[in-house]
Amino acid sequence: MTVSPYRELGLRPAVNALGIYTDVGGSRLSPKVWARMEAANRHFVAFPELLDRTGEVVAARLGTEAARVTPGASAGIAMATAACMAGTEGRLIERLPDTDGMRSTILIQRRHRYKYDRMVRMAGARIAELGNVNGTDVDDLVEAVDERTAAVFFPAHLEEVQGTVGLEKAAEIAHAHGLPVIVDAAYLNYPVERMGSYCRRGADLAIFSAKYFGGPNAGGFVCGRADLIRAVAAVDFTRFEAGKHLQFGRPFKLDRQIVIGVVAALEEWLDMDHALRFASYFRLVSVIAEQLKDLDRVTTRPMSFTMDEQLVDEPVNCLTIRSADDAASGVVGRLAAGDPSILVHAVDGLIVVDVECMDEDEAALVGRRLREELLASVSG
Ligand SMILES: *Cc1c(COP(=O)(O)O)cnc(C)c1O
């Protein structure tokens, strides 16, 4: 067996029973995706051509005009904003984040504010927040547009929030003023048809994170209108060394292995039998539940832990565990402190074990460790 590089560094390897989180490394690459990345490592390639060609492949698969791989969705937001401000004009691009004389205001609805919207400011844009605590209406949006407005930014996961203008309507207003709509759809990748739907519903650029579809933690892409994707290409890191202008996007550098990994993971995701994926989650949840079923004062329930960290009934991807002895936070702490460290959530007094990033061996181990710790907390 190979020695864990983490152990060699004096770090404890962790079993990820949290789900997909950047801070523990995103998701686990499939053997097929890893093999494609390994193959990519064997040869070199002209990077601008690699990004052009993989962008065509992503766009064809999603049915959008164009696409471009980026080092994650956060980078995608910053680059999309830069593209909407500077276009393909090299002299403007190299001035960013200085936006003097450029359209540089990004409109965001009050109840659409969320932690990643700050990425638009990286390229020098200013956020104009529309509406008030009671929400934002169509008039707020119409009145906010002026000659400095560069785009409307729309986080797709907040689409259903009360007191917001919907995507179609926001796009209609933006387009009437010649303005693009940038949509952060980072994790909205299932059902898979959803990925291409934002551009059909009015987004001019839609942004996805590869961490959520089994790709590299540091991968993602922007897709949408061909002219805007050309502008995203114009701000990206390629041609900085040899081109005429010094691109804003130089820190958003990619590895060719990552680019190939993003596309391979996307194709695998789009072609996957998702019923089998959910069946495998259910099986892992059952393996864990089986080990806890005879414990007194402990009840378990298969549930779904959503991307926005809510517990709902379906589709099952986690086991929730309730202990009448109020043991949850102690158990969670002791599992994390063990070796290997086992990372699980504590949510409202429940232990939540998300199996999306786990395999069979890990499920067996987690079940065993949970059993030990729950038993110890009863007697202790
Ligand atoms: C994770 C996430 C991002 C950032 O994606 P990265 O690829 O990690 O940069 C952006 N928006 C939302 C909603 C996310 O969940």
Side-chain angles (χ1 to χ4, degrees), residues 16 18-29 33 37 51 54-55 58 62 67-84 106 108-109 111-123 125 127 151-161 164 167 181-190 194-195 197-199 203 205-224 232 235-237 248-255 257-266 269 304-310 317 345 354 356-357:
N16 175 10
L18 297 172
I20 296 165
Y21 284 89
T22 292
D23 278 7
V24 287
S27 51
R28 182 180 264 147
L29 301 172
V33 170
M37 293 173 71
L51 287 172
T54 50
V58 170
L62 298 185
R68 191 101 176 154
V69 174
T70 61
S74 294
I77 295 169
M79 291 164 70
T81 309
C84 290
I106 303 290
I108 306 183
Q109 301 183 50
R111 291 185 174 178
H112 277 177
R113 296 303 307 269
Y114 75 119
K115 68 178 165 191
Y116 292 100
D117 67 23
R118 59 180 29 251
M119 306 311 164
V120 311
R121 291 168 48 213
M122 217 170 220
I127 291 176
V152 174
F153 183 73
F154 195 103
H157 60 286
L158 299 176
E159 195 178 341
E160 304 294 332
V161 171
T164 61
L167 178 59
V181 177
I182 303 170
V183 170
D184 175 5
Y187 60 73
L188 298 169
N189 54 28
Y190 184 80
R194 197 166 185 172
M195 297 183 83
S197 72
Y198 293 101
C199 289
L205 291 173
I207 299 161
F208 293 89
S209 176
K211 69 181 184 232
Y212 293 126
F213 54 77
N217 200 25
F221 65 86
V222 182
C223 60
V232 172
V235 305
D236 84 13
F237 73 95
F248 161 76
R250 181 62 180 79
F252 300 124
K253 181 168 158 171
L254 281 155
D255 284 292
Q257 301 87 337
I258 301 264
V259 176
I260 292 298
V262 168
V263 177
L266 177 67
W269 181 257
S304 184
F305 190 61
T306 65
M307 291 293 188
D308 51 357
E309 303 187 316
Q310 309 292 316
N317 66 2
H345 295 283
D354 187 312
E356 286 171 291
C357 294

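Counting convention: from 1, in listed order, for ligands and their atoms alike. Starting from 1, each residue takes its place in the sequence as its number.
Under the salt bridge (Lys or Arg N to Asp or Glu O under 4.0 Å) criterion, R113 pairs with D117, E129, not counting sequence neighbours.
Not one N or O on the side chain of S209 forms a donor-acceptor pair closer than 3.5 Å with the backbone of G220. With hydrogens and angles ignored, the 3.5 Å screen pairs no side-chain donor or acceptor of E356 with any backbone N or O of D354. Of the possible polar contacts, none joining the D236 side chain to the G249 backbone as a donor-acceptor pair under 3.5 Å is found.
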Intermediate values then yes/no, side chain to side chain contact (heavy atoms under 4.5 Å, CB included), T81 and F153:
CA-CA 9 Å; T81 309; F153 183 73; 5.6 Å; no
For ligand 1, output the ligand-protein N/O contacts shorter than 3.5 angstrom; if there are none, return none.
residue	atom	partner	partner atom	Å
ligand 1	5 (O)	K211	NZ	3.3
ligand 1	7 (O)	A73	N	2.7
ligand 1	7 (O)	S209	OG	2.6
ligand 1	8 (O)	K211	NZ	2.8
ligand 1	9 (O)	A73	N	3.3
ligand 1	9 (O)	S74	N	2.9
ligand 1	9 (O)	S74	OG	3.0
ligand 1	11 (N)	D184	OD2	2.7
ligand 1	15 (O)	Y212	OH	2.6

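For R121, the CZ atom sits in a loose shell: 12 or fewer heavy atoms of surrounding residues, nucleotides or ligands are nearer than 6.0 Å.
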